[in-house]
Number of protein chains: 2
Amino acid sequence: MTLSPETIADTALREIDAHGVNGLSIRAVARRLAVDHKSLYNHVDGKDGLLDAVAGRILSTIALPAPTGDLDADIRAFAHAFRAHALRHPQAAALVLTRPVTSPSGLVPIDAALAVLMTAGFSPAQAVHVLRLLMALLVGAILREADSALTLATGDHDEAARRAAQLSTLGLPALSAAAAHISMIDDEAEFDFTVAAALEAIRTIPRS
Amino acid sequence: MTLSPETIADTALREIDAHGVNGLSIRAVARRLAVDHKSLYNHVDGKDGLLDAVAGRILSTIALPAPTGDLDADIRAFAHAFRAHALRHPQAAALVLTRPVTSPSGLVPIDAALAVLMTAGFSPAQAVHVLRLLMALLVGAILREADSALTLATGDHDEAARRAAQLSTLGLPALSAAAAHISMIDDEAEFDFTVAAALEAIRTIPRS
DNA sequence: ACCTGAACACCGTTCAAGT
DNA sequence: ACCTGAACACCGTTCAAGT
């Protein structure tokens, strides 16, 4: 297998899947490729360039469904495709969602989303604002989900009960009242609720 | 100055402000404190524990305005206080916004927010969902702003024009049409728009 | 309870010399 | 254009010995 930015990025991604972003090292990637670690510098711009390459690779491999013309349905489909793709590599999610989009291939999904919004009657300026709103919401929601392994909430009932009990001991009244609910989470349902709220907000924006 | 988790976290935060999260090292913090680096292990649980401590310290020093009873005004005030506080340390924003909240002091703002929502008529379960929605939106919006130094958009008109011209060369029609708007951003206005959308969505949620 | 030498296994990166 | 020794300045962490 010859060395290329793509193979290097893919190998780095597998390393991230296995050991997390913090476990990623240039030398470990090189070991995986059975190559001298300094060789990577001929194809990638240092460690930061490697991380950019990984983020770009993930972003460019997202598969967006074709627009139907129904704004709500299209946004919903976009949101779910984005989420599903990001969560395929939860360890790398923060990377993709946090790094600025620079590569041309990463701009393709953005173009597609803007097209949907403009077709629905939003001006270019409005479409940009709505897209920023939508992306902020998706990034926030998916990010929480990605490291939900470490969060207050869990999907397990017994564990949730245990955490709720602990939360109630802190003397914070509102938190105590909601402890049972804040300790339990159904990720799918939560995401649907989030997207529905976004649709509601977008619906009320006047179009010109 | 004697060594404590708080002084260590504060010093680490200054180091992050100066050199970014990636520039943070246990040894550099120790140097700043004029202390042997291994001493830190007596007060903090390794580098990961140090990062947790920094995030907790920031979260626990947020100053929330007193609720007025007007839901929209209170949410708006909460959102702006949260944003202002997070952006005081843009280099550390990802840390605070990404790490799960564990420390009791970090739960105080959560309790306050839940109280506001429940006072407005939301059930505990609803309040939790609404808070998760709001937090996702704030996290996504603030995160983009925090590393907007590196993003497509800029606040400078000339620079924006330059980027817009470049975006238009990619052959992506919707992106080209919106290039001028996607290259320019007014962070304040964008955040207001985002919060207004959140209020709109929250308004339509039936309360019980 | 806290400090600190010694020591270990790891890093990222540059550069000059090779092919 | 790509590879790779040699080398550098840096890491995080453990542990045993000290106070």
Side-chain angles (χ1 to χ4, degrees), chain A residues 1-58 91-92 94-96 98-100 102-103 147 150, chain B residues 1-58 91-92 94-96 98-100 102-103 147 150:
Chain A
M1 183 200 314
T2 172
L3 231 42
S4 78
E6 287 77 19
T7 56
I8 294 175
D10 286 340
T11 307
L13 182 52
R14 292 218 300 283
E15 183 72 14
I16 290 173
D17 285 339
H19 301 99
V21 186
N22 283 353
L24 181 75
S25 75
I26 291 232
R27 289 165 114 115
V29 173
R31 275 193 295 272
R32 230 177 232 267
L33 287 163
V35 147
D36 187 284
H37 69 273
K38 292 178 260 65
S39 294
L40 301 192
Y41 286 84
N42 289 307
H43 304 95
V44 141
D45 189 15
K47 188 172 184 179
D48 232 58
L50 177 57
L51 292 175
D52 279 335
V54 172
R57 191 104 176 104
I58 294 179
Q91 299 264 40
L95 215 61
V96 193
T98 277
R99 300 236 149 189
T102 56
S103 70
D147 45 37
L150 321 157
Chain B
M1 186 200 312
T2 173
L3 232 40
S4 79
E6 287 77 20
T7 56
I8 293 175
D10 286 340
T11 307
L13 183 52
R14 292 218 300 284
E15 183 73 15
I16 290 173
D17 286 339
H19 301 100
V21 185
N22 283 353
L24 180 76
S25 75
I26 291 229
R27 290 165 112 115
V29 173
R31 274 192 296 271
R32 230 178 232 268
L33 287 164
V35 148
D36 186 284
H37 69 273
K38 292 177 259 66
S39 294
L40 302 192
Y41 286 84
N42 289 308
H43 304 95
V44 142
D45 188 15
K47 188 172 184 179
D48 231 58
L50 176 57
L51 292 175
D52 279 336
V54 171
R57 190 103 178 104
I58 294 180
Q91 299 264 40
L95 215 60
V96 193
T98 276
R99 302 235 149 190
T102 56
S103 69
D147 46 36
L150 322 157

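Note that these values count all heavy atoms, side chains included, but never hydrogens, waters or copies made by symmetry. The sequence lines fix the lettering, A, B, ..., with proteins before strands; numbering per chain opens at 1.
- Note: B/L95 CG to B/I58 CD1 = 6.5 Å, rounded to the nearest 0.5 Å.
- Taking atom CG on B/L33 and atom P on C/dC2, their separation rounds to 16 Å, with Å as the unit.
- Contact annotation for B/N42: base contact, defined as any heavy-atom pair under 4.0 Å involving a base atom.
- Between B/R99 and B/D48, the closest side-chain pair of non-hydrogen atoms falls below 4.5 Å.
- Residue-environment remark: CG (B/N22) stays at or below the threshold of 12 foreign heavy atoms within 6.0 Å.
- Note: CG (A/L3) to C1' (D/dA1) measures 13 Å, nearest angstrom.
- Contact annotation: B/R31 side-chain N/O to D/dC10 OP1/OP2 distance is not under 4.0 Å.
- Not counting sequence neighbours, the partners of A/A28 by the side chain to side chain contact (heavy atoms under 4.5 Å, CB included) test are A/E15, A/S25, A/R31.
- Under the side chain to side chain contact (heavy atoms under 4.5 Å, CB included) criterion, B/R57 pairs with B/E6, B/A9, B/D10, not counting sequence neighbours.
- A distance of 4.5 Å separates CG of B/L13 from CG of B/D17, quoted to the nearest 0.5 Å.
- With sequence neighbours excluded, no residue forms a side chain to side chain contact (heavy atoms under 4.5 Å, CB included) with A/D45.
- The CG-P distance, from A/L40 to D/dC2, rounds to 13 Å in whole Å.
- Partners of A/V29 by side chain to side chain contact (heavy atoms under 4.5 Å, CB included), not counting sequence neighbours, listed by chain and number: A/I8, A/T11, A/A12, A/L24, A/L33, A/L40, A/L50.
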5'-to-3' dot-bracket of DNA chain D (Watson-Crick, G-U; under 3.5 angstrom; crossing pairs as [ ]; | other strand)
||.|||||...|||||.||
B/S/- contact track for nucleotides 12-19 of chain C, protein heavy atom under 4.0 Å:
BBB-----
